[in-house]
**Q** 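Before I ask anything, let me first share the structure, which is written out below as structure tokens.
Just so you know, residue 1 is the first one in the sequence shown, and it goes up from there.
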Amino acid sequence: TMRINSTNLKQFEGGDVIKQGDTASLFGYELLDENYSPVPEIEGQEATITLANRHGKTSLTSTVTDHKVKFNISKVLPIGIYQVEITCGNYVFPSDKSTVIKVTQSTEEYTSDSLEELRKREQGEELPDLTVLYNLAKI
């Protein structure tokens with residue numbers, strides 16, 4: 001398949017701001033080509049959703065259904081602005097890094113200390129799982 005120059009992500013579910021630790025909210029994006037048309041050959045394939053900023057990144061997977069992907073963020077991400085990039089087949093959506101999700105302070109107590117502690121325990125740039133955080137809270 002020829003790689004196309006420009007691709008687009010069009011959000012149809014969720015917003016661009018999420019509270020830290022919110023694992024219930026659903027995000028949904030349409031995967032579109034440069035003319036905002038669906039890309040037929042990725043239908044039914046597994047897509048990788050990467051949320052990244054200069055502090056680290058996390059990846060999720062979801063299946064392309066009706067040229068759309070839906071996902072929720074199952075990890076507690078440090079507060080910040082994350083670029084959303086979805087790869088599937090030979091395509092990367094969007095091509096211009098314009099799609100972001102902002103993670104904001106939660107009313108829950110994810111203290112910077114416990115996140116810092118988690119970061120020290122996590123070797124590499126993958127961010128911690130919720131279960132790890134819940135276990136930490138019990139200590």
Side-chain angles (χ1 to χ4, degrees):
T1 324
M2 199 183 85
R3 212 187 171 92
I4 49 182
N5 297 334
S6 112
T7 57
N8 295 286
L9 264 189
K10 186 177 172 208
Q11 190 169 22
F12 66 89
E13 176 99 38
D16 55 4
V17 176
I18 188 170
K19 289 221 185 307
Q20 188 180 44
D22 175 356
T23 58
S25 292
L26 200 60
F27 290 90
Y29 295 92
E30 288 184 77
L31 308 179
L32 304 168
D33 68 14
E34 72 268 32
N35 302 314
Y36 286 87
S37 300
V39 181
E41 64 263 36
I42 61 172
E43 189 60 35
Q45 291 190 30
E46 189 173 73
T48 299
I49 300 115
T50 303
L51 304 176
N53 66 16
R54 60 202 160 89
H55 302 301
K57 65 178 182 181
T58 190
S59 293
L60 318 150
T61 55
S62 183
T63 303
V64 178
T65 308
D66 193 23
H67 69 272
K68 300 179 177 85
V69 294
K70 289 184 184 180
F71 61 92
N72 40 27
I73 299 172
S74 56
K75 297 182 175 184
V76 177
L77 301 180
I79 291 160
I81 295 173
Y82 292 81
Q83 282 178 345
V84 180
E85 186 180 88
I86 301 179
T87 53
C88 190
N90 292 320
Y91 298 92
V92 178
F93 304 88
S95 54
D96 62 358
K97 308 232 179 271
S98 61
T99 305
V100 297
I101 291 175
K102 184 178 184 189
V103 176
T104 61
Q105 183 70 60
S106 168
T107 49
E108 298 293 314
E109 279 305 307
Y110 298 117
T111 63
S112 54
D113 286 352
S114 62
L115 281 169
E116 213 37 66
E117 187 54 42
L118 279 171
R119 280 203 209 108
K120 285 180 200 145
R121 291 187 191 186
E122 291 272 330
Q123 297 307 310
E125 51 178 4
E126 280 293 307
L127 295 163
D129 248 305
L130 269 179
T131 47
V132 183
L133 200 73
Y134 287 137
N135 291 341
L136 251 181
K138 291 180 197 147
I139 296 169

**Q** Calculate, to the nearest 0.5 Å, the distance between atoms CG and OH belonging to Asn8 and Tyr36 respectively.
**A** 3.5 Å
**Q** Does the pair Thr87 and Thr50 meet the rule for a side-chain contact (heavy atoms from CB on, under 4.5 Å), with working shown?
**A** CA-CA 8 Å; Thr87 53; Thr50 303; 5.5 Å; no
**Q** Between atom OG1 of Thr104 and atom CD1 of Ile79, what is the distance when rounded to the nearest 0.5 Å?
**A** 7.0 Å
**Q** Kindly say whether Glu34 contributes a backbone atom to a donor-acceptor pair with the side chain of Ser6 at under 3.5 angstrom?
**A** no
**Q** Return the NZ to CD distance between Lys75 and Gln20, rounded to the nearest 0.5 Å.
**A** 14.5 Å
**Q** Determine yes or no for a side-chain-to-main-chain donor-acceptor pair under 3.5 angstrom, with Ser62 supplying the side chain and Lys70 the backbone.
**A** yes
**Q** Taking salt bridge (charged side-chain N to carboxylate O under 4.0 Å, His left out) as the definition, give me every residue that meets it alongside Lys97, ordered by chain and number, with sequence neighbours left out.
**A** Glu85
**Q** With a 4.5 Å cut-off on side-chain heavy atoms, are Thr23 and Asn72 touching?
**A** no
**Q** Identify the residue among Val17, Ile81, Leu51, Asn53 that makes a side chain to side chain contact (heavy atoms under 4.5 Å, CB included) with Val100.
**A** Ile81
**Q** Do you know which two heavy atoms are closest between Ala24 and Asp22, and how far apart they sit?
**A** N-OD1, 3.0 Å
**Q** Can you measure from OG1 (Thr61) to CD (Gln45) and round to the nearest 0.5 angstrom?
**A** 13.5 Å
**Q** Taking all atoms of both residues into account, what is the closest heavy-atom pair of Gln11 and Glu13, and its distance?
**A** NE2-O, 3.0 Å
**Q** What pair of heavy atoms forms the shortest contact from Ser106 to Lys19, and how long is it?
**A** CA-CD, 4.0 Å
**Q** Within the structure provided, determine whether His67 and Val39 are in side-chain contact (heavy-atom separation under 4.5 Å).
**A** no
**Q** Please examine the side chains of Leu9 and Leu32, heavy atoms only from C-beta on, and report whether any two atoms are closer than 4.5 Å.
**A** no
**Q** Could you pull out the closest heavy-atom pair between Val64 and Glu43, with the gap in Å?
**A** O-OE2, 3.7 Å
**Q** Inspect the surroundings of CZ in Phe12 and state if more than 12 heavy atoms from other residues, nucleotides or ligands are less than 6.0 Å away.
**A** yes
**Q** So how far is it from Phe71 CZ to Ile86 CD1, rounded to the nearest 0.5 Å?
**A** 5.5 Å
**Q** Using a 4.5 Å cut-off on heavy atoms from C-beta on, say whether the side chain of Phe93 contacts that of Val69.
**A** no
**Q** If the condition is salt bridge (charged side-chain N to carboxylate O under 4.0 Å, His left out), which residues does Asp66 pass it with, not counting sequence neighbours?
**A** Lys68
**Q** Whether the Ser37 and Asn35 side chains hold a donor-acceptor pair (N or O, under 3.5 Å, no angle test) is what I'd like checked.
**A** no
**Q** Which atom names give the shortest non-hydrogen contact between Thr48 and Ser59, and what distance separates them?
**A** CG2-CB, 4.1 Å
**Q** Measure the shortest side-chain to side-chain distance between Leu31 and Tyr91 over non-hydrogen atoms and say whether it is less than 4.5 angstrom.
**A** no
**Q** Hey, could you give me the CD1/CG distance between Ile73 and Leu60, rounded to the nearest 0.5 Å?
**A** 7.0 Å
**Q** If I compare all heavy atoms of Asp33 with all of Pro38, which pair ends up nearest, and what's the gap?
**A** OD2-O, 4.3 Å
